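Take a look at the structure below.
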Amino acid sequence: MAVAQPLEYLSQAQVDKFYGDGYLIVPGFLSHDQTNSLLLRAKELLDKFTPEDHPLTKFSTSDKDHVGDNYFLNSGDKIRYFLDEDAVDSSGKLTRDKARAVNKIGHALHELDPVFRNVTLENDRLKALVRDLRFHHDPVALQSMVIFKQSQTGGAVPEHNDSTFLYTSPPSALGFWIALEKCTPTNGALSFLPGSHLTTPITKRFIRLPGSGTGFEQLATPPPPSSDISEKVSEIASEGEYVLEACEPGDLVLIHGSVLHKSERNTSAHTRFAYTFHMIDSSPYAEYDEKNWLQPTEAMPFSRILDVPNGSTAVH
């Protein structure tokens, strides 16, 4: 019989909570100095933004309005700037100061920027957590970004799951979301539907459309969830009881690719900056095909996280 690998960073209670709820708050994952260095670097990148050289791409997470131009589609191996929907007027001019117009910067921060690379690809604590969680055999990192939920103007993000946007067969997306500032009920802290990863099938995927642009492709409905799901999980999911999770700077939120989550508009006087990236399992454990909007390139393939792959994974 195989001997269970001892945990290095997470507790068994944390691992169990992640698989039960579909997400997990890991307090103080980054040190005060690490968090401040990311926040400072994010602000430096904002300062470097030059609207004059930008196609004024707007970013939206709604089905109808999701950006589909080349600036977005070719950002997987670059550091690019995406603007809030209402940050540009009908004539293409910014409606507010450039630093308050940016919704996010992405999608290869973890590869190209030394500060973000250090906490992502060169982080021994992260590697230990990945080994403890055993969500993947041989994970690779992709789609890193700083999200700027600006005070008063930062928009709401509707209910969604991450596997819709980073689809693999079988689904294997896992989100890593790190608070760079305090996250509260009024500045757009994340909310989750606990257990929804066990009850809500992935019904569509975000793809590159033939020719150009992006859209959603409907998936064949998977079989119903396993009958051994606890009554409590089914009850919470069916009633739609979202749980808002306030966070302190440096806290990490692990997000199962199938769990439903959202955030409300920032109505406060305080910004809510966060750094996020994702992992998927690599071939042959999961297949990431050419339909996905974000594609690896010959010059920048997806980087592996572990020096030695996990020998086994947890059931999920």
Side-chain angles (χ1 to χ4, degrees), residues 38-110 112-113 116 142-160 162 164-166 177 180-181 183 186-190 206-209 211-216 261-278 292-295:
L38 292 183
L39 183 59
L40 177 62
R41 182 59 181 146
K43 291 178 178 180
E44 289 174 348
L45 290 170
L46 269 182
D47 288 340
K48 292 182 178 181
F49 173 47
T50 54
E52 301 78 21
D53 304 327
H54 190 274
L56 299 182
T57 299
K58 291 178 278 187
F59 178 77
S60 170
T61 50
S62 67
D63 286 17
K64 293 181 180 178
D65 302 321
H66 209 294
V67 62
D69 65 8
N70 288 332
Y71 186 83
F72 173 74
L73 288 173
N74 297 325
S75 64
D77 58 352
K78 300 175 182 67
I79 297 174
R80 287 187 163 173
Y81 297 79
F82 301 89
L83 310 182
D84 275 323
E85 289 182 82
D86 57 355
V88 185
D89 64 21
S90 58
S91 64
K93 301 287 182 62
L94 291 182
T95 60
R96 49 185 177 266
D97 179 75
K98 69 172 188 175
R100 290 177 50 80
V102 176
N103 172 281
K104 69 171 185 171
I105 299 175
H107 290 95
L109 287 168
H110 66 294
L112 298 175
D113 189 279
F116 289 96
L142 70 166
Q143 195 185 353
S144 57
M145 50 194 165
V146 175
I147 301 173
F148 303 95
K149 190 167 284 236
Q150 302 287 351
S151 60
Q152 303 297 333
T153 60
V157 176
E159 176 183 85
H160 69 283
D162 291 347
T164 294
F165 295 93
L166 295 172
W177 194 97
L180 302 184
E181 297 180 304
C183 304
T186 58
N187 77 349
L190 298 178
F206 185 64
I207 63 168
R208 290 179 176 237
L209 294 174
S212 65
T214 57
F216 288 88
H261 57 288
K262 62 182 181 178
S263 65
E264 301 304 325
R265 186 177 184 86
N266 185 350
T267 59
S268 78
H270 305 285
T271 56
R272 193 226 66 184
F273 292 3
Y275 171 55
T276 183
F277 59 94
H278 296 79
N292 280 300
W293 76 266
L294 190 156
Q295 291 294 317

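Computed over heavy atoms, backbone and side chain alike; hydrogens, waters and symmetry mates excluded. Given the structure is predicted, the values throughout are model-derived calculations rather than measurements.
For D77, there are no salt bridge (charged side-chain N to carboxylate O under 4.0 Å, His left out) partners at least two apart in sequence or on another chain. For S268, the side chain to side chain donor-acceptor pair (under 3.5 Å) criterion is met by N266, not counting sequence neighbours. Annotation: side chain to side chain contact (heavy atoms under 4.5 Å, CB included) contacts of L40 (sequence neighbours excluded): E44. In this view, T276 satisfies the side chain to side chain donor-acceptor pair (under 3.5 Å) rule with no residue, not counting sequence neighbours. A search for side chain to side chain donor-acceptor pair (under 3.5 Å) contacts involving E181 returns T271, not counting sequence neighbours. T267 is linked by a side chain to side chain contact (heavy atoms under 4.5 Å, CB included) to T186, counting only residues two or more places apart in sequence or in another chain. For Q152, the side chain to side chain donor-acceptor pair (under 3.5 Å) criterion is met by no residue, not counting sequence neighbours. Residues satisfying the ring pair (Phe, Tyr, Trp, His ring centres under 6.0 Å) test with F277, not counting sequence neighbours, are F176, Y275. The side chain to side chain contact (heavy atoms under 4.5 Å, CB included) test applied to N292 returns Y167, R205, Y288, D289, Q295, not counting sequence neighbours. By the salt bridge (charged side-chain N to carboxylate O under 4.0 Å, His left out) test, R265 is found to be paired with no residue, residues two or more places apart in sequence or in another chain being considered. Applying the ring pair (Phe, Tyr, Trp, His ring centres under 6.0 Å) test to H261 and every residue at least two apart in sequence or in another chain returns H160, F192.
Looking at Y71, F116, W293, F165 one by one, the single match for ring-ring contact (aromatic ring centres under 6.0 Å, His included) with H107 turns out to be W293.
Side-chain atoms of T214 and F206, non-hydrogen and from C-beta on, do get closer than 4.5 Å to each other. Under the 4.5 Å side-chain criterion, counting only non-hydrogen atoms from C-beta, V88 is not in contact with T95. By the 4.5 Å heavy-atom criterion applied to side chains, L94 and L83 are counted as neighbours. For the pair R272/F148, no side-chain contact is recorded, criterion being any heavy-atom separation below 4.5 Å from C-beta on. In this structure, K262 and V157 have side chains that are not in contact, with every pair of non-hydrogen atoms separated by 4.5 Å or more.
Separating the OH atom in Y81 from the NZ atom in K48 is a distance of 7.5 Å, to the nearest 0.5 Å. Atom CG of L112 and atom OG of S144 lie 8.0 Å apart (nearest 0.5 Å). Remark: H278 NE2 to Q143 CD distance equals 5.0 Å, nearest 0.5 Å. One distance of note links CZ of R80 with CG of L109; it measures 13.0 Å at 0.5 Å rounding. Separating the CG atom in L142 from the NE2 atom in H110 is a distance of 6.5 Å, to the nearest 0.5 Å. Considering CG of L294 and CG of N74, their distance stands at 10.0 Å, rounded to 0.5 Å.
Of all the heavy atoms in V146 and A42, the pair that sits closest is CG1-CB, 4.0 Å. Summarising the geometry of A269 relative to S151, their closest heavy-atom pair is C-CB, 3.5 Å, with the distance given to 0.1 Å. Shown here for K149 and S263, the closest heavy-atom pair between the two residues is NZ-OG, 2.9 Å. Listed here is the closest heavy atom pair of A108 and G76: CB-O, 3.4 Å.
Put simply, the side chain of K43 never gets that close to the backbone of L39: no donor and acceptor are under 3.5 Å apart. With Q150 contributing its side chain and A99 its backbone, the two residues share a donor-acceptor pair below 3.5 Å. Side-chain atoms of N187 do not come within 3.5 Å of backbone N or O of C183 as any donor-acceptor pair.
The ring of H54 has its center closer than 6.0 angstrom to the ring center of F49.
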Evaluate W177 against L190 for side-chain contact (heavy atoms from CB on, under 4.5 Å), listing each step before the verdict.
CA-CA 10 Å; W177 194 97; L190 298 178; 3.5 Å; yes
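Screening residues 91-101 for salt bridge (charged side-chain N to carboxylate O under 4.0 Å, His left out), with sequence neighbours left out, gives D84-R96, D86-R96.
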